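Below you'll find the structure, written out as structure tokens, and then a few comments.
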Amino acid sequence: MTDKKVLNKIRLFVMDVDGTLTNGKIYMGEDGELMKAFNAKDGYGVKLLTKNNIIPAIITGRTSRIVANRCKEIGITELHQGIQDKQVTMKAVMAKYNLSQEEVAYIGDDLNDASAMELAGVSFAPADCHEQLKPYVNYLLTRNGGDCAVREAVDIILNERDGVIWL
């Protein structure tokens, strides 16, 4: 666990998509990806971040119009798709906003998230994350990917802040 002082400093919350904002299943048809399932409570959690002056961002290895549409719907403007080295992209986003490591939280579910987790001041993972990712995780959540894991992480951060806007 991380102490309250660290959680109070978070200004950027970076998310993986498949296995974190979704359950990790990718529904494919003849023409490619057909659908992804997102949880409305995770979406509201993202909106709460923005209301509380925390920048929500997505860095994902896949490229999907579905993800772009979901980002528009819930107000995520920092969307980075098709990324192989998430740490490099996260460093660029941090530089854009002049943020230090301790001001960044990251949530992911598999080994391709480890380098970004090492860079973040605080890291989260869904309960069903890959076993080998666990040494990189500060908070192993109780919820699975796609089942309010992102909202659980958001609530952990916001519950430690004074003057949180919940509505």
Side-chain angles (χ1 to χ4, degrees), residues 9-29 31-101 103-126 129-130 133 136-137 139 141 143-158 165:
K9 293 180 182 180
I10 300 301
R11 293 185 46 218
L12 174 67
F13 185 80
V14 183
M15 298 163 274
D16 174 42
V17 176
D18 295 316
T20 303
L21 276 168
T22 74
N23 65 6
K25 293 180 181 176
I26 299 167
Y27 298 90
M28 300 286 283
D31 297 323
E33 189 174 61
L34 292 176
M35 66 177 154
K36 291 180 184 285
F38 296 95
N39 192 297
K41 290 179 183 92
D42 285 339
Y44 191 71
V46 168
K47 290 179 180 183
L48 286 172
L49 290 171
T50 304
K51 286 182 180 185
N52 287 281
N53 299 312
I54 298 172
I55 302 158
I58 286 179
I59 301 175
T60 180
R62 295 179 51 81
T63 300
S64 167
R65 286 185 301 174
I66 295 167
V67 172
N69 290 340
R70 181 65 173 153
C71 286
K72 283 181 192 171
E73 184 178 58
I74 60 176
I76 297 174
T77 57
E78 282 295 337
L79 171 60
H80 305 273
Q81 299 194 77
I83 305 301
Q84 298 307 308
D85 188 337
K86 294 181 180 187
Q87 188 182 78
V88 169
T89 301
M90 198 159 90
K91 284 180 181 177
V93 174
M94 289 167 62
K96 176 179 176 180
Y97 294 101
N98 194 29
L99 299 174
S100 66
Q101 286 180 254
E103 295 173 298
V104 179
Y106 186 91
I107 182 169
D109 71 303
D110 213 333
L111 294 177
N112 63 334
D113 298 302
S115 67
M117 285 182 166
E118 286 182 312
L119 182 60
V122 179
S123 60
F124 298 87
C129 73
H130 192 281
L133 186 68
Y136 299 92
V137 177
Y139 288 88
L141 302 167
R143 306 302 293 250
N144 288 338
D147 187 30
C148 299
V150 167
R151 178 60 184 270
E152 182 180 353
V154 168
D155 286 352
I156 288 169
I157 293 168
L158 295 182
I165 300 168

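Bear in mind the structure is a predicted one, so any value in this text is a computation, not a measurement. Atom set for the values below is all heavy atoms of this structure, side chains included, hydrogens, waters and symmetry mates excluded.
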As a test of understanding, state which of Val14, Leu12, Leu48, Thr50 forms a side-chain contact (heavy atoms from CB on, under 4.5 Å) with Pro56.
Thr50

Interatomic distance, CG@Leu49 vs CD1@Ile165, rounded to 0.5 Å, equals 12.0 Å

If you draw a 6.0 Å radius around NZ in Lys51, do more than 12 non-hydrogen atoms from other residues or ligands fall strictly inside?
yes

Give a yes or no on whether the backbone of Arg143 and the side-chain of Asp147 come within a donor-acceptor separation of less than 3.5 Å.
no

Would you please test Asp42 and Met15 for side chain to side chain contact (heavy atoms under 4.5 Å, CB included) and show each step?
CA-CA 11 Å; Asp42 285 339; Met15 298 163 274; over 6 Å; no

Are side-chain heavy atoms of Leu119 and Tyr106 found at a separation under 4.5 Å?
no

Would you compute the distance between atom NE2 of His130 and atom CG of Asn112 and round it to the nearest 0.5 angstrom?
11.0 Å

Donor-acceptor pair, side chain of Ser123 and main chain of Tyr136, under 3.5 angstrom:
yes

To check you understand the geometry: which heavy-atom pair defines the closest contact between Ala68 and Gln81, and what is its length?
CB-NE2, 4.1 Å

Which is it for Arg62 and Val17 under the side chain to side chain contact (heavy atoms under 4.5 Å, CB included) test, yes or no, and what are the steps along the way?
CA-CA 9 Å; Arg62 295 179 51 81; Val17 176; over 6 Å; no

Scanning both residues in full, the closest heavy-atom pair of Ser115 with Asp85 reads OG-OD1, 4.1 Å

Write down the atom of Pro126, the atom of Ile107, and the distance for their closest heavy-atom approach.
CD-CG1, 4.4 Å

For Ser100 and Met94 the tightest heavy-atom approach is C-CE, 3.7 Å

CG (Asn39) and CG (Asn144) are apart, to the nearest 0.5 Å, by 11.5 Å

Criterion side-chain contact (heavy atoms from CB on, under 4.5 Å) against Ile58, the qualifying member of Thr77, Leu21, Asp16, Thr20:
Leu21

For Asn98, is the CG atom crowded, meaning more than 12 foreign heavy atoms sit under 6.0 Å from it?
no

At their closest point, which heavy atom of Gly43 faces which heavy atom of Ile74, and how far apart are they?
CA-CG2, 4.0 Å

According to salt bridge (charged side-chain N to carboxylate O under 4.0 Å, His left out), does anything in residues 111-121 pair up with another residue at least two apart or in another chain? List the pairs.
Lys86-Asp113

To the closest 0.5 Å, what do you measure between SG (Cys148) and OH (Tyr44)?
14.0 Å

Asn23 side chain vs Lys25 backbone, donor-acceptor pair below 3.5 Å:
yes

Distance, nearest 0.5 Å, that separates NZ of Lys47 from CD1 of Ile76
10.5 Å

Taken to the nearest 0.5 Å, the spacing of Ile26 CD1 from Lys36 NZ works out to 5.0 Å

Could you verify whether a donor N or O on one side chain and an acceptor N or O on the other, from Tyr97 and Glu103, lie under 3.5 Å apart?
no

Test side chain to side chain contact (heavy atoms under 4.5 Å, CB included) applied to Phe124 and Val137, step by step:
CA-CA 6 Å; Phe124 298 87; Val137 177; 5.7 Å; no

Please determine whether side chain to side chain contact (heavy atoms under 4.5 Å, CB included) holds for the pair Leu141 and Ile156, giving the CA-CA distance in whole Å, both sets of side-chain angles, and the decisive distance to 0.1 Å.
CA-CA 10 Å; Leu141 302 167; Ile156 288 169; 3.7 Å; yes

Is there a side-chain contact between Ile55 and Arg11, using heavy atoms and a 4.5 Å cut-off?
no

Distance-minimising heavy-atom pair for Thr89 and Ile59
CG2-CD1, 3.9 Å

